[in-house]
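Heads up: the structure comes next, in structure tokens.
Numbered from 1 within each chain, the chains take letters A, B, ... in sequence-line order.
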Amino acid sequence: MRMNKDFFKKDSREVAFALLESNIVREVGNEMFSLEVNEVEIYEGFKDKASHAYKGKRGRNKVMFEEGGVLYVYLVYGIHSILNVVTDKKDYPAAVLIRGAGKFSGPGRLTKALGISTLLNRKEVGKESGLWFERNRRAGKIRMVPRVGIHYAEEWKEASLRFIKE
DNA sequence: AGTAGGATCGCG
DNA sequence: GCGATCCTACTG
């Protein structure tokens, strides 16, 4: 079943697990993709040095402070669009990064395959944006390991906030 | 206006 | 393990 915007107004861990029990569905033009989400990462709160929100609300990270259920899509390395779903309540910065789905591994390759760009930034999950999630199975076993590409994050490098479906 | 650095990728 | 790559956000 499709998860509506309200579903995401809760703790990011809960959302992360739910996403691993879901398909990401992308509808663009007359094309439709539905892929099993198999890898996510959490960026949450004011203390997480890996999070864009660590230094406070500004610039691109504004979206992370919105109420759960909107998309946070930004560009890294000038090339790759990275897809996150904002979670939790208003004014509390939190998001789940979608790293892999179906056969696509790596957040940049996934967004490329699904035609996801920064145009989707701040849009709500749902039919209208052409991007939503459908919970359709039990997650099974999940491995929790440190996140990727955050060498600058000091002690937060070690936090097991990357969830991989086995 | 200039610049440093990056929630990656792909090749070794 | 490391270099390419180029946009963005921050600085001055």
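In this structure, CG in L161(A) is found 7.5 Å from CE in M144(A), a value given to the nearest 0.5 Å. Here the straight-line distance linking atom OG1 of T111(A) with atom CD1 of I98(A) works out to 11.5 Å at 0.5 Å rounding. Here the CG-CG distance, from N121(A) to L83(A), works out to 10.0 Å after rounding to the nearest 0.5 Å.
A salt bridge is absent between E128(A) and K123(A): the closest approach of a Lys/Arg side-chain nitrogen to an acidic carboxylate oxygen does not fall below 4.0 angstrom.
With a heavy-atom cut-off of 4.0 Å to chain A, the contacted part of DNA chain B has its first and last nucleotide at dG6(B) to dG10(B).
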R147(A) vs L97(A), test: side-chain contact (heavy atoms from CB on, under 4.5 Å). Steps then yes/no. CA-CA 10 Å; R147(A) 293 168 294 181; L97(A) 166 64; over 6 Å; no

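By the 6.0 Å and 45° rule, K10(A) stacks over the aromatic ring of F7(A).
Evaluation of the side chain to side chain donor-acceptor pair (under 3.5 Å) test over residues 133-144 of chain A, restricted to residues two or more places apart or in two chains, returns E21(A)-R135(A), N23(A)-N136(A), N23(A)-R137(A), W132(A)-E134(A), R143(A)-E166(A).
With sequence neighbours excluded, the residues satisfying side-chain contact (heavy atoms from CB on, under 4.5 Å) with K89(A) are Y92(A). Applying the side chain to side chain donor-acceptor pair (under 3.5 Å) test to H80(A) and every residue at least two apart in sequence or in another chain returns nothing.
In the hydrophobic clustering of this structure, V70(A) does not group with L114(A); members are Ile, Leu, Val, Met, Phe, Trp, Tyr whose side-chain heavy atoms approach within less than 4.5 Å, directly or through other members.
The nearest whole Å value for the distance from the CG atom in L75(A) to the P atom in dA9(C) is 10 Å. One interatomic measurement links the two molecules: CG of L119(A) to P of dC7(C), which rounds to 15 Å at whole-angstrom precision. If you measure from atom NE2 of H80(A) to atom C1' of dT8(C), you get 15 Å, rounded to the nearest angstrom.
When the nearest nucleotides of DNA chain C are assigned to T118(A) and I79(A) by heavy-atom distance, the more 5′-ward of the two goes with I79(A).
Only the C1' atoms considered, dG5(B) is 16 Å distant from dC2(C), to the nearest whole Å.
Interface residues of residues 87-104 of chain A facing DNA chain B, ordered by number: L97(A), R99(A); criterion, heavy-atom separation under 4.0 Å.
Of the residues listed (H52(A), K62(A), E66(A), R122(A)), the one engaging Y72(A) in a side chain to side chain donor-acceptor pair (under 3.5 Å) is H52(A), and it is the only one.
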With pairs defined as Watson-Crick or G-U wobble and both distances under 3.5 angstrom, please note down DNA chain C as a dot-bracket string, | for pairing with another strand. ||||.||||||.

